[in-house]
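As structure tokens, the structure follows; a few thoughts come after it.
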There are 2 protein chains.
Amino acid sequence: MTAVTIQCCPPLIRGPLSEQDAVDLAALLKAVADPVRLRLLSMIGSHEGGEACVCDLTDAFDLTAPTISHHLKVLRTAGLIDGERRGTWVYYRVIPETVARLSAIFTPMADSVRQA
Amino acid sequence: MTAVTIQCCPPLIRGPLSEQDAVDLAALLKAVADPVRLRLLSMIGSHEGGEACVCDLTDAFDLTAPTISHHLKVLRTAGLIDGERRGTWVYYRVIPETVARLSAIFTPMADSVRQA
DNA sequence: GTATTACTTAGACAGTCTTCTAACCAAGGT
DNA sequence: ACCTTGGTTAGAAGACTGTCTAAGTAATAC
């Protein structure tokens, strides 16, 4: 009755997500479920040297500095980026491990939905 | 100056996300950035036959039927699932193409952050 | 020290989201 | 025809979010 796909380890398909896992993953997803934060993450990750100064980030948006700071804090709290002050400026970089968690949620699911 | 990774096509790393892309992806992410909707998607996707009846889904939560219906609508509007009535019951199934879009956002990023 | 620039924190306000109850449509069984 | 079960729609209440202004801290320049 229950046919199983050969492909390995689909997180969402393998079995119903536990309530706790769902809460954890949803919190992580919520951190990136915003256009500004997505672009911030993208700008930091794609910046040369793997890090970007807050001053560069702020200039790229039609938003005030406190708003950008708020979004950076959300990303930081979620463990997606880490910031460090060096002299006058604060530099942020992506934490790949956390992005990997995001990446792992859906990746195997796309083409391995169970068949009857 | 700008070292580039050999790995192909990292969506968020390749270059800064356009404003429009960010808005689109954020809308998709927002649809799954909720514990209940994540579990719903997981339950539908992992259910035998690749589809699940709303009645099964509703019973699995301590939430009222209208609330589940609302969450299903959000997933449906985002293009992540599709529903069909067959006789008495309504069955939902995952739309793999849309899940693939989600999967494509972060997958290559995890271990390909630019180096200096 | 004072001023200036870079960034964060605190508080307020408008908009959005999650949930509920109540009411409605759809299909089947008597 | 009626009732029951399954599911959606409509509207409302409370919590949460994104944005701002105002005020605070940190580091450099004079």
Side-chain angles (χ1 to χ4, degrees), chain A residues 17 19 22-44 47 51-93, chain B residues 17 19-20 22-44 47 49 51-93:
Chain A
L17 222 51
E19 191 167 346
V23 169
D24 293 346
L25 291 178
L28 193 54
L29 285 166
K30 219 183 293 187
V32 291
D34 177 277
V36 175
R37 290 197 290 271
L38 262 188
R39 289 183 67 200
L40 283 172
L41 195 61
S42 165
M43 292 172 94
I44 296 170
H47 203 272
E51 62 183 15
C53 168
V54 175
C55 53
D56 297 331
L57 302 173
T58 303
D59 291 350
F61 294 87
D62 264 348
L63 295 169
T64 63
T67 298
I68 298 299
S69 196
H70 159 72
H71 285 300
L72 288 171
K73 185 176 189 175
V74 173
L75 290 173
R76 195 168 359 109
T77 302
L80 283 160
I81 60 174
D82 195 23
E84 180 197 2
R85 167 159 234 138
R86 285 205 301 276
T88 307
W89 294 283
V90 174
Y91 297 89
Y92 278 97
R93 54 174 56 249
Chain B
L17 224 49
E19 191 165 346
Q20 188 55 57
V23 169
D24 292 346
L25 291 177
L28 193 54
L29 285 165
K30 217 183 291 187
V32 291
D34 176 278
V36 175
R37 290 198 288 272
L38 261 189
R39 289 182 69 199
L40 283 172
L41 195 63
S42 165
M43 293 173 93
I44 296 170
H47 204 273
E51 62 182 14
C53 169
V54 175
C55 54
D56 297 332
L57 303 173
T58 304
D59 290 352
F61 294 87
D62 264 348
L63 295 169
T64 63
T67 298
I68 299 299
S69 194
H70 160 71
H71 284 300
L72 288 171
K73 186 176 189 175
V74 173
L75 290 172
R76 195 168 0 108
T77 302
L80 284 160
I81 59 174
D82 194 23
E84 181 198 1
R85 166 160 234 138
R86 285 205 301 277
T88 307
W89 294 281
V90 174
Y91 296 89
Y92 279 97
R93 54 175 55 249

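Both backbone and side-chain heavy atoms feed into the values below; hydrogens, waters and symmetry mates do not.
- Taking atom CG on B/Leu40 and atom C1' on D/dG7, their separation rounds to 14 Å, with Å as the unit.
- With values rounded to the nearest 0.5 angstrom, B/Leu63 atom CG is found 5.0 Å from B/Ile68 atom CD1.
- At the heavy-atom level, A/Thr88 lies under 4.0 Å from the strands shown only through sugar-phosphate atoms.
- Between A/Arg86 and A/Asp34, the residue whose closest nucleotide on DNA chain D is further toward the 5' end is A/Asp34.
- Atom P of nucleotide D/dG6 and atom OH of B/Tyr92 are separated by 16 Å, given to the nearest angstrom.
- Residue A/Arg85 contributes atom CZ, which lies 8 Å from atom C1' of D/dT25 at whole-angstrom precision.
- In this structure, CG on A/Leu57 lies 11.0 Å from OG on A/Ser69, to the nearest 0.5 angstrom.
- One finds the CZ atom of B/Arg93 at 9.0 Å from the CG atom of B/Asp82 (value rounded to the nearest 0.5 Å).
- Contact check for B/Leu72 versus B/Ile44: side-chain heavy atoms found under the 4.5 Å cut-off.
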B/Leu80/B/Val74 under side chain to side chain contact (heavy atoms under 4.5 Å, CB included): CA gap, chis, key distance, verdict: CA-CA 9 Å; B/Leu80 284 160; B/Val74 173; over 6 Å; no

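- Direction change of the helix axis from one end of the helix from C/dG1-D/dC30 to C/dT30-D/dA1 to the other is 10°, with five pairs defining each end axis (rounded to 10°).
- Atom CH2 in A/Trp89 sits about 9 Å away from atom P in D/dT28, given to the nearest Å.
- Rounded to whole Å, the distance from NZ on B/Lys30 to C1' on D/dT17 is 9 Å.
- Atom CD1 of A/Ile81 is separated from atom CD of A/Glu51 by 12.0 Å, given to the nearest 0.5 angstrom.
- A/Thr64 has a side-chain polar atom (N or O) that falls below the 4.0 Å cut-off from OP1 or OP2 of D/dC20.
- With a cutoff of under 4.0 Å to any heavy atom of chain B, the contacted region of DNA chain C is bounded 5' to 3' by C/dT18 to C/dG28.
- Cation-pi contact between A/Arg76 and A/Tyr92: absent, since separation from the ring centre below 6.0 Å together with deviation from the ring axis within 45° is not met.
- Remark: C1' of D/dT8 and CD1 of B/Ile68 are 13 Å apart, rounded to the nearest angstrom.
- One distance of note links CZ of A/Phe61 with CE of A/Met43; it measures 5.0 Å at 0.5 Å rounding.
- Atom OG of A/Ser42 and atom NE2 of A/His47 lie 11.5 Å apart (nearest 0.5 Å).
- Comparing A/Gly87 and B/Pro66 along DNA chain D, the residue whose closest nucleotide (by nearest heavy atom) sits nearer the 5' end is B/Pro66.
- Checking the phosphate oxygens (OP1, OP2) of D/dT8, a side-chain nitrogen or oxygen of B/Ser69 falls inside 4.0 Å.
- What separates NE2 of A/His71 from P of D/dC20 is a distance of 9 Å, to the nearest Å.
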